[in-house]
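A short worksheet on the structure shown next.
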Amino acid sequence: AGAGGEAGGGGGSEGEGGLEGIRYGPLCASVYRMDEAELTLDKLETLSELMPSPEERRKVKSFRGDPSRELGAAEQFVWAVLQCPHLEQSLAAFKLKLQLPVSLGSIDQRSACVRTACEQVMNSKGLALVLRQMLVIGNIMNEGSAKGQASGITLASLLKLTQTKGADKKTTVLDYVVNLCLDKGHTAQLDFPSEFTSLEAAARTPAREVSKELGGLEKSLESLGSLGGAEQTGGDAGPGPGPMTGALLARHTELCASLAKSAHSELEGARGKVDEMGGAAVKLAKYFGEDPKTCDSDKVFEALRQFIFAFKASKEKVTRTRNANLRKKEKQATADAKADAKPTASAAGSPAMAAKAAAKQTGAKGSFQGRPVVKASQSTPRSTLMRRRSQIAGGGDDSGDSGEESGWESDAQPPAEAK
């Protein structure tokens, strides 16, 4: 055992796991008193490792003599342990007292982390939207096969679809889904990865391990019941009175009973939280079509962590391509607008074109506006015919006053071309 000294209170030698300088008798008594000032959790762990084996106990138990003079340091330690009934159970109870607050705090934190992560995943509308679209595409790809009518998407198929590419060997199914969601205006829903604040920690926290750790504390609590019947006498062997007294054993029994009562209440509260976590983990596994018995929560969260990593990369890729196409269209639209504006500007600045445009506007205001006016003295084919007819009838020449009128007759109509 290493630490030397007399079993009943001799000085100890150095060199044994933080127990140097502690005498064997007072050391064992400190365990029964659950003296936190004397023994830390590390020292209790070391002391538990130093507990003698059954064979070592059997050899020292048969010793008859003065242990302080006839036994070596290791045998003296074994002899002192034999004077303390139920010392190993008492060590376990003392460790439970020191470990319980830290262990329960860790269990509460981890169970809450897993439970919260499960709720965030199953309540995410954005993730549900992407999964539905991927399920539709997956069924189309598997149309005609036994997998073509799937009602859900498993973790393995989810990760597989992130790598499945189309005919161009560049666009993945995930790229297509992201592009489709953006076309439909679901931009806000695609920010769902920011909702998973507990996913990373939950991926490192298997729900079964949390439940197993709590079960270990509950088992340690059950062992306290055996200490209630601890004998109020001296040791298991040895000629002298050990370090234990009836009063110390009675006090130890009271401490164990009090510890069991408080620990039971705290463990019940922790058990309720762990059970809630377990129920959430089962629902999460079924959400992805997995068997809860073989698929622990950390496996689901790890697969989701990989999927979200691929989703972010795909979204960034699609967004970059869409922005580049948008800039290209805007640039082309600007160039087309400038090309249409150049001929109009040059025509408007030309005097000839301006006069032509003004003439065109003037000629469009009336039937006779803009046309030359035919004067009454203008010679026309009709007036010439009338003059000749009067000359033939009267025999006069065309210079006399034969009653012909110059210009249009009173009842004459304007020429057809003037209408």
(request) State the CG-OG distance between Leu39 and Ser30, to the nearest 0.5 angstrom. (result) 5.0 Å
(request) Output yes when a side-chain donor or acceptor of Ser220 lies under 3.5 Å from a complementary backbone atom of Gly216, and no otherwise. (result) yes
(request) Could I get the full list of salt bridge (charged side-chain N to carboxylate O under 4.0 Å, His left out) partners for Glu36, not counting sequence neighbours? (result) Lys97
(request) Would you please test Val130 and Leu190 for side-chain contact (heavy atoms from CB on, under 4.5 Å) and show each step? (result) CA-CA 8 Å; Val130 172; Leu190 296 185; 4.0 Å; yes
(message) Strictly distance-based, threshold 3.5 Å: is any side-chain N or O of Glu290 a donor or acceptor partner for the main-chain N or O of Leu155?
(response) yes
(message) Quick one: does any side-chain atom of Thr162 pair with a main-chain N or O of Leu159 as donor and acceptor, under 3.5 Å?
(response) yes
(request) Drop me the distance from Lys273's NZ to Asp275's CG, to the nearest 0.5 angstrom. (result) 12.5 Å
(request) Return the set of residues passing side-chain contact (heavy atoms from CB on, under 4.5 Å) with Glu209 (not counting sequence neighbours), or none when no residue passes. (result) Pro206
(message) Is the shortest side-chain heavy-atom distance between Asp291 and Thr294 below 4.5 Å?
(response) yes
(request) Would you mind reporting whether Glu316 and Lys312 have side-chain heavy atoms less than 4.5 Å apart? (result) no
(message) Donor-acceptor check, side chain of Ser297 to backbone of Ala207, threshold 3.5 angstrom: yes or no?
(response) yes
(message) Walk me through whether Met134 and Phe307 qualify under side-chain contact (heavy atoms from CB on, under 4.5 Å).
(response) CA-CA 12 Å; Met134 296 187 75; Phe307 171 74; 3.9 Å; yes
(request) Please report the shortest heavy-atom distance between Tyr32 and His86, naming the atom on each side. (result) OH-C, 3.9 Å
(message) I'd like to check Leu267 versus Leu104 (side-chain heavy atoms, cut-off strictly below 4.5 Å). Are they in contact?
(response) yes
(request) Working to the nearest 0.5 Å, report the span between CG of Leu44 and CD of Glu38. (result) 11.0 Å
(request) Identify, with sequence neighbours excluded, every residue that meets side chain to side chain donor-acceptor pair (under 3.5 Å) alongside Thr205. (result) none
(request) Hey, could you give me the CZ/CE distance between Phe288 and Met122, rounded to the nearest 0.5 Å? (result) 9.0 Å
(message) Among residues at least two apart in sequence or on other chains, which ones pass side-chain contact (heavy atoms from CB on, under 4.5 Å) with Pro292?
(response) Val282, Ala285, Lys286
(request) Output yes when a side-chain donor or acceptor of Thr116 lies under 3.5 Å from a complementary backbone atom of Cys113, and no otherwise. (result) no
(request) With sequence neighbours left out, write down each residue that passes side chain to side chain donor-acceptor pair (under 3.5 Å) with Glu218, or none if nothing qualifies. (result) Arg271
(message) Are Leu27 and Leu47 packed together at the side-chain level, in the sense that at least one heavy-atom pair is separated by less than 4.5 angstrom?
(response) yes
(request) Using the test ring-ring contact (aromatic ring centres under 6.0 Å, His included), find all partners of Phe311 that sit at least two apart in sequence or belong to another chain. (result) Phe192
(request) Evaluate the salt bridge (charged side-chain N to carboxylate O under 4.0 Å, His left out) criterion for residues Arg251 and Glu254: first the C-alpha distance (whole Å), next the side-chain angles of each, then the deciding distance (0.1 Å), finally the verdict. (result) CA-CA 5 Å; Arg251 175 58 179 161; Glu254 292 177 2; 3.5 Å; yes
(message) According to side-chain contact (heavy atoms from CB on, under 4.5 Å), who are the partners of Glu200, at least two apart in sequence or on a separate chain?
(response) Arg204, Arg305
(request) Keeping the roles fixed (side chain from Glu302, backbone from Lys299), state whether a donor-acceptor pair exists under 3.5 Å. (result) no
(message) Between Glu213 and Arg110, does any NZ, NE, NH1 or NH2 come within less than 4.0 Å of an OD or OE carboxylate oxygen?
(response) yes
(request) Please check if the side chain of Ser124 supplies one atom and the backbone of Gln120 the other of a donor-acceptor pair under 3.5 Å. (result) no
(message) What I'd like to find out is whether the side chain of Asn179 reaches to under 4.5 Å of the side chain of Thr171, using heavy atoms alone.
(response) no
Indicate every side-chain donor-acceptor pair of residues 327-334 with a distance under 3.5 Å to a residue at least two apart or in another chain.
from: Gln332; atom 1: NE2; to: Asp336; atom 2: OD1; distance (Å): 3.1
from: Thr334; atom 1: OG1; to: Glu330; atom 2: O; distance (Å): 2.9

(message) With heavy-atom distances below 4.5 Å as the criterion, would you say the side chains of Glu276 and Ser111 are in contact?
(response) no
(request) Quick one: pull up CG in Leu98 and CG in Leu41 and give me the separation to the nearest 0.5 Å. (result) 5.5 Å
(request) Starting from the C-alpha separation in whole Å, work towards a yes-or-no answer on side-chain contact (heavy atoms from CB on, under 4.5 Å) for Leu131 and Leu158. (result) CA-CA 8 Å; Leu131 293 179; Leu158 180 65; 3.5 Å; yes
(message) Rounded at 0.5 Å granularity, tell me how far CG in Leu82 sits from CG in Leu87.
(response) 10.0 Å
(message) Restricting to non-hydrogen atoms, name the atom on Met34 and the atom on Phe94 that form the minimum distance, rounded to 0.1 Å.
(response) C-CZ, 3.3 Å
(request) State, to 0.1 Å, how close Ala263 and Leu100 come at their nearest heavy-atom pair, and which atoms those are. (result) CB-CD2, 3.5 Å
(request) Say whether, by atom type as modelled, one donor and one acceptor occur between the side chain of His186 and the main chain of Cys181 under 3.5 angstrom. (result) no
(message) For Thr40, give me all partners under side chain to side chain donor-acceptor pair (under 3.5 Å), at least two apart in sequence or on another chain.
(response) none
(request) Answer whether the closest heavy-atom distance between the side chains of Thr172 and Gln163 falls below 4.5 Å. (result) no
(message) Just to verify, what does Arg208 make a salt bridge (charged side-chain N to carboxylate O under 4.0 Å, His left out) with, not counting sequence neighbours?
(response) Asp296
(message) What I want to find out is whether Arg57 reaches Glu88 closely enough, with some N-O distance under 4.0 Å, to be called a salt bridge.
(response) yes
(request) Assess whether side-chain contact (heavy atoms from CB on, under 4.5 Å) is satisfied between Leu127 and Glu195, documenting all intermediate values. (result) CA-CA 10 Å; Leu127 176 62; Glu195 302 171 2; over 6 Å; no
(message) Determine whether Ser157 and Thr154 satisfy the following criterion, side chain to side chain donor-acceptor pair (under 3.5 Å), listing intermediate values before the conclusion.
(response) CA-CA 5 Å; Ser157 58; Thr154 63; 2.9 Å; yes
(request) Verify the neighbour count for atom CD of Glu70: are there more than 12 heavy atoms of other residues, nucleotides or ligands below 6.0 Å? (result) yes
(message) Quick one: does any side-chain atom of Ser314 pair with a main-chain N or O of Ala310 as donor and acceptor, under 3.5 Å?
(response) no
(request) Check side-chain contact (heavy atoms from CB on, under 4.5 Å) between Thr321 and all other residues, then give those that pass, not counting sequence neighbours. (result) Asn325
(message) A side-chain contact here means heavy atoms from C-beta on lying under 4.5 Å apart; do Phe301 and Cys118 qualify?
(response) yes
(message) Please check this pair: side chain of Ser265 against backbone of Ser262, looking for a donor-acceptor N/O pair closer than 3.5 Å.
(response) no
(message) According to salt bridge (charged side-chain N to carboxylate O under 4.0 Å, His left out), does anything in residues 169-193 pair up with another residue at least two apart or in another chain? List the pairs.
(response) Asp175-Lys317, Asp183-Arg322, Asp191-Lys315
(request) Please indicate whether Lys95 has more than 12 foreign heavy atoms, meaning atoms of other residues, nucleotides or ligands, lying under 6.0 Å from its NZ. (result) yes
